[in-house]
Amino acid sequence: MTTVDDLDRPATAEVSGPSRLAERGEGISGEELQLAARNHGIPLEALRYDVTPAGLHYLLIHYDIPELDGATHTLTVDGVVDRPLTLSLAELRERPRVTRRVTLECAGNGRALLDPRPVSQPWLVEAVGNAEWTGTPLAPLLREAGISADAVDVVFTGADHGIERGVEQDYQRALPVAEALREEVLLAYEMNGAPLLPQHGAPLRLIVPGWYGMAHVKWLHSISVLTETFEGYQNAQAYRLRQNADDPGVPVTRIEPRALVRPPGFPDFMSRARVLRPGPSTLDGRAWSGHAPVVSVEVTTDGGETWAPATLDEPTDGDFAWRRWRYEWSPQPGRYLLSARATDASGRTQPVEQPWNRGGFANNMVQRVAVTVVPE
Ligand SMILES: Nc1nc2c(c(=O)[nH]1)N[C@H]1C(S)=C(S)[C@@H](COP(=O)(O)O)O[C@H]1N2
Ligand SMILES: [Mo]
């Protein structure tokens with residue numbers, strides 16, 4: 001934790017250079033616990049809902065939730081455009097209205113399971129949610145502004161402000177022009193049929209179906225079109241898959257396939273170990289991928305010795321929302337290790353070994369749920 005001694009050091013000198021890896025056996029620090037308490041995950045039993053209730057959806061907020069007023073908030077569109085625009089929220093609401101179910105997942109999901117462990121928001125597997133986002137499509141707005149033929153990146157700026165590794169900044173993320181012009185991308189002002197909550201980006205956020213969470217800029221107030229690659233921190237430094245500190249890495253973009261098991265039975269309070277009664281029961285959970293629709297989910301109950309196909313429910317809305325899977329089993333008393341493994345139409349599947357990188361991004365290694373089936 002920060003002590004009084006730390007306070008006379010300028011904050012901008014705090015942590016420069018690459019992110020740190022935890023020492024072998026090093027626990028979660030007070031700072032990480034502070035982040036984890038602010039940025040909660042979905043309770044895994046909430047995988048039962050097709051649409052995640054807003055309060056159970058995971059949260060990731062890098063700095064503070066900014067104070068914004070929907071009545072006076074504006075969105076500007078500028079940079080290399082023929083007609084720079086400024087729109088109020090009321091004007092955005094008068095534009096065509098679209099609702100889309102979209103699975104959001106933090107790129108850091110799975111980070112705390114890596115070895116060695118990158119020190120940051122310590123997600124296990126719960127940084128995911130599937131909400132209904134309502135807003136207006138971005139592409140027509142960009143076309144009205146008239147983006148230049150030599151445009152490369154579109155930068156989205158949020159109203160939140162902070163410091164990362166010594167760099168003071170607003171939260172900003174860019175998308176390549178072709179991604180920003182995808183018809184599915186929304187300027188969203190509602191979540192699950194209600195105005196956005198402060199923690200989810202009120203009054204306006206970006207929704208980029210298929211991409212990891214960092215692209216879905218909250219508290220959005222400015223869009224700027226550039227003729228060169230955006231070199232801002234969150235694109236050029238933070239969200240990259242690197243093997244070591246000198247590796248320039250490649251950008252983190254779309255969500256890798258993942259299936260989660262809704263833990264069966266009931267938990268022990270402290271250990272969280274699962275206990276189940278013997279007999280027929282249905283295992284279920286959710287599966288998603290940002291690259292292509294999920295085409296199969298396989299289940300193991302013996303720690304990966306054998307895998308069997310699960311049944312996939314019909315998609316509930318488009319290609320960017322998770323799908324339920326089910327698997328019937330009838331366990332005898334004993335110990336079981338459950339996993340589900342999703343494969344998508346692009347052929348991507350989940351590894352059983354960790355896909356390690358220095359930032360701890362996109363770790364879609366299969367989840368493991370230990371269950372003890374006790375006699376009646
Ligand atoms: N302005 C702003 N937008 C942001 C963030 C942020 O800290 N500031 N966090 C991003 C990250 S890393 C994720 S995973 C998602 C989380 O969205 P949620 O909190 O609505 O689930 O928001 C993204 N958009
Ligand atoms: Mo994230």
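Note that this is a predicted model, so its numbers are computed, not measured. Computation of the quantities below employed the complete heavy-atom set of this structure, encompassing side-chain atoms and omitting hydrogens, waters and symmetry-equivalent molecules. Counting starts at 1 for both ligands and their atoms, in listed order.
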*asked:* Within ligand 1, which atoms have a heavy atom of D160 less than 4.0 Å away?
replied: 1 (N), 2 (C), 6 (C), 7 (O), 8 (N)
_Side chain, backbone, both or neither: the part of Y212 lying under 4.0 Å from ligand 1 by heavy atom_ = neither
_Ligand-side contact atoms (ligand 1) for residue partner C106, heavy atom cut-off under 4.0 Å_ = 14 (S)
*Within 6.0 angstrom of E353 CD, more than 12 heavy atoms from elsewhere*: no
*Roughly how far, to the nearest 0.5 Å, is CG of N192 from NE2 of H57?*
8.0 Å
*What are the atoms of ligand 1, with element, lying closer than 4.0 Å to any heavy atom of W219?*
1 (N), 2 (C), 8 (N)
*asked:* Quick check: L60 and ligand 1, any N/O pair under 3.5 Å apart?
replied: yes
*asked:* Could you walk me through whether W219 and Y171 satisfy the ring pair (Phe, Tyr, Trp, His ring centres under 6.0 Å) test, starting with their C-alpha distance in whole Å, then the side-chain angles of each, then the deciding distance to 0.1 Å, before giving a yes or no?
replied: CA-CA 9 Å; W219 311 296; Y171 188 88; 8.2 Å; no
*Minimum-distance protein heavy atom relative to atom 14 (S) of ligand 1*: Y58 OH, 3.0 Å
*Among the heavy atoms of Y239, does any lie under 4.0 Å from an atom of ligand 1?*
yes
*Under-4.0 Å heavy-atom contact with ligand 1, by part of L220 that carries it*: neither
*Please could you name the atoms of ligand 1 that H57 approaches to less than 4.0 Å, counting only its heavy atoms?*
21 (O)
*Would you call R173 a ligand 1 contact, heavy-atom distance under 4.0 Å?*
no
*Answer yes if the side chains of Q350 and Q367 hold a donor-acceptor pair under 3.5 Å, and no otherwise.*
no
*Starting from atom 10 (C) of ligand 1, locate the nearest protein heavy atom and write down its residue, its atom name and how far away it is, to 0.1 Å.*
Y171 OH, 3.7 Å
*So is E105 polar-close to ligand 1, meaning N/O to N/O under 3.5 Å?*
no
*Any side-chain donor paired with an acceptor under 3.5 Å for N130 and T52?*
no
*By number and element, which atoms of ligand 1 are closer than 4.0 Å to a non-hydrogen atom of I61?*
7 (O)
*Please name all residues satisfying side chain to side chain contact (heavy atoms under 4.5 Å, CB included) with E126, sequence neighbours left out, ordered by chain then number.*
I42, L44, N109, W123, L124
*Closest protein heavy atom (residue, atom, distance) for atom 23 (C) of ligand 1*: G213 O, 3.2 Å
*Do any nitrogen or oxygen atoms of H200 lie less than 3.5 angstrom from nitrogen or oxygen atoms of ligand 1?*
yes
*In terms of atom number and element, which parts of ligand 1 are under 4.0 angstrom from non-hydrogen atoms of H216?*
22 (O), 23 (C), 24 (N)
*asked:* Looking at R24 and D115, is any side-chain nitrogen of the basic one under 4.0 Å from a carboxylate oxygen of the acidic one?
replied: yes
*Quick one: look at R205 and ligand 1, take heavy-atom pairs under 4.0 Å, and tell me if it's side chain, backbone, both or neither.*
side chain
*Apply side-chain hydrogen bond (donor to acceptor under 3.5 Å, both in side chains) to D150 and S148, showing your working.*
CA-CA 5 Å; D150 58 357; S148 165; 2.3 Å; yes
*Do Y63 and E164 have side-chain atoms, one donor and one acceptor, less than 3.5 Å apart?*
yes
*asked:* Between W211 and T253, do the side chains contain a donor N or O and an acceptor N or O under 3.5 Å apart?
replied: no
Under 3.5 Å donor-acceptor pairs involving side-chain atoms of residues 198-206, not counting sequence neighbours:
unit_1	atom_1	unit_2	atom_2	d
R205	NH1	H200	O	3.2
R205	NH2	H216	O	3.1

*Looking at atom 19 (O) of ligand 1, what's its closest protein heavy atom, distance included?*
K218 NZ, 2.5 Å
